[in-house]
Protein chains: 2
Amino acid sequence: MGTNRSPTMRDVAVCAGYSTATISRVLNNDPRVAEHTRNRVMVCMKKLGYRVNPIARSLKTSRTHTIGILSPEFQNDFFMSAAEGIENYLRANGYISFICNSRENPEEEAELVRMMIEKQVDGIIIIPASSRGGEHYQLLRELEIPYVLVDRLIDGLEADAVLTDNFRGAFTAVERCILGRAGNIALIGGPLDITSARERTEGYRAAMEKYGKAIVEELIVCGDMHVESGYRLMGELLRQDPQLQYVFIINLFMRIGAEKYLLEHKSARDIRIAAFDESAISPLFTHTWVTVRQPLSRIGAQAARLLLRRIQNDNLPFPQVYRETPEIITHS
Amino acid sequence: MGTNRSPTMRDVAVCAGYSTATISRVLNNDPRVAEHTRNRVMVCMKKLGYRVNPIARSLKTSRTHTIGILSPEFQNDFFMSAAEGIENYLRANGYISFICNSRENPEEEAELVRMMIEKQVDGIIIIPASSRGGEHYQLLRELEIPYVLVDRLIDGLEADAVLTDNFRGAFTAVERCILGRAGNIALIGGPLDITSARERTEGYRAAMEKYGKAIVEELIVCGDMHVESGYRLMGELLRQDPQLQYVFIINLFMRIGAEKYLLEHKSARDIRIAAFDESAISPLFTHTWVTVRQPLSRIGAQAARLLLRRIQNDNLPFPQVYRETPEIITHS
DNA sequence: TGTAATAATGTAATCGATTACATGGAGCAG
DNA sequence: CTGCTCCATGTAATCGATTACATTATTACA
């Protein structure tokens, strides 16, 4: 039992009585090999348990069949759902993925992009840590390495992207509330320099306008997307209008804060919440009315598909921006 | 502006007037290069923007500086926290990681292990999809590819592993309750073929015994770790003993179910919950008393460290099993 | 001054694939 | 029978590094 160096093309060649060139041709489905040699070679490959060495192959072809994925946060269901969608699609298509954590930090993101370039990934999917861009995008452009943005756009950057149709999600959710005979609907929005927050806010306004609802500016407040601000803003809104019954909240974390406020202040009153996002938590929400469910794994798959098409040089017009329609759920 | 093929060692060699061997020596900090040549070479590398091609290097050294990580679920904060800890440590040490999703499926896990072997990872960290093992563990052993288990052990498999000290976490949490003058403490446990569930249950029993508390078998129920069973079992326990005040729940999801039951049945009564795990949800829990916080990112880092030591052939005794002590938090 | 030891660098094989080009034989037209 | 095409396969260079071994220059010491 000698050291089991794993078999190479050369071993297969010897076993089958051909040259390595032929083995390689069989491997790559080159039509110029005779049927019977193909068979003979395949038998040998099976017998020896031959598996191609992707590293040697990559060195020659400069393709790694490897994709980089950058996520700003690992402990975030949304990002990870998208990552899951991406990974599924890629793996089903013979690609494997490096997933790295940019820790919401644009500089780390840039560093990771450099690292991935060095590792010679064939393409990158980025869930951006910031909507403010950075030199790495230019680097990717220069080196002609395809990349696709997910969930967020970058201001002033033309790039392929796949994201939720935030406007439509917000619009439809608010419309549902209105059609469900909601009165004043307050809004807990987010920083307007975050694209998605801005779009959701616009969706809210558009729906209100379409149905001739007066937009009360006092009932529109902006948080920072985190739990605490949801808590605080819910309080402010109720102080503003103690009769308030309907609130639209643009993300999960602020919504958690709002629910918490309601719990603690025994306002188990008739407040009904419409909001973006769902998660394992949702069963504990007590004021759920309408939920906007982002099609995250579809977004991920779509992004992966787009990236692979770019890699295979499908020459699609550039850039491609897909906005996936969210699902709106009305709870009894 | 010709096509910018990125510079190779050969280019640097020409630029500096040495052979590629010397360039390589500089790159690998070989002490046998003269100081001034080292400097000259470094200047050239900088000037040309040279970066070593890790693929070519890997082909020769058969080391990829790449680690595979298998997680059973991407949308699970626990696994992803551990993955984050792993990734941090690895990256800080010059390694990069493939993270793949075994989808709680042992067969996919095995397939992924094969894929990673093919990609020639230097080692693998596995959060097992099942505690029942599989041929891939043997394969890894045969090929002498180091691997470390995280969070779960595999029955009958001697392997390096890093996990929470489940027994101690449960023991200490229950002890806290007892010392906090809790009366009967019920238990919502899990399937006994899951190591962690079993250990936590044992911790509970041990604490009860130590303080001479009668263990009422009717107040010990087992769920399947999911939300629904928590919901159902909370109901059963309350029917069993309507006076029940204290419950120890061994994981987050069943705990969510339990809280949901309490919410819906207005049992805002004096029920206090001790439980494993925390998450973004925790602010919405209304019966929190004692929480066992698993040191997930430390576990991840520890696993990564152990793996790298194995790779560097630290010859530690085999196997190493680390049980990390959880943090017990008592809420006011 | 001669020679051995040592230090700095070069030469060339190698890792395991891919692929442009070369080769040899079969089939066919004139 | 000659010459041309086509088909299956082989030869050998190549991708970009690493490294055993060879070579040369330098120093040290008898």
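Just so it is clear: chains get the letters A, B, ... in the order the sequence lines come, proteins before strands, and each one is counted from 1.
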Side chains of B/R309 and B/Q312, donor plus acceptor under 3.5 Å
no
Under the side chain to side chain donor-acceptor pair (under 3.5 Å) rule, what do A/Y322 and A/E324 come out as? Steps first, then yes or no, please.
CA-CA 6 Å; A/Y322 297 143; A/E324 300 288 327; over 6 Å; no
Modelled atom types, side-chain donor and acceptor of A/D165 and A/T325, under 3.5 Å
no
Got a donor-acceptor contact below 3.5 angstrom from the A/D122 side chain to the A/T64 backbone?
yes
Looking just at side-chain N and O atoms, do A/Q138 and A/R141 make a donor-acceptor pair shorter than 3.5 Å?
no
Strand contacts (DNA chain D) in residues 13-37 of chain A, 4.0 angstrom heavy-atom criterion
A/G17, A/Y18, A/S19, A/A21, A/T22, A/R25, A/R32, A/V33, A/A34, A/T37
Determine whether the aromatic ring centres of residues A/Y147 and A/Y137 are separated by less than 6.0 angstrom.
yes
Note down the inter-axis angle between the two ends of the helix from C/dT1-D/dA30 to C/dG30-D/dC1, five pairs each, to the nearest 10°.
60°
Could you tell me whether A/E108 and B/R91 have a side-chain N and a carboxylate O separated by less than 4.0 Å?
yes
Check this for me: does any side-chain nitrogen of one of B/D160 and B/R310 sit under 4.0 Å from a carboxylate oxygen of the other?
yes
Contacted region of DNA chain C by chain A, from 5' end to 3' end of the hits, cut-off under 4.0 Å to heavy atoms, spans C/dG16 to C/dA20
Gap between atom NZ of A/K47 and atom CG of A/D11 - 0.5 Å precision
12.0 Å
In terms of side-chain heavy atoms, does B/E84 have a donor or acceptor partner in A/N101 at a distance below 3.5 Å?
yes
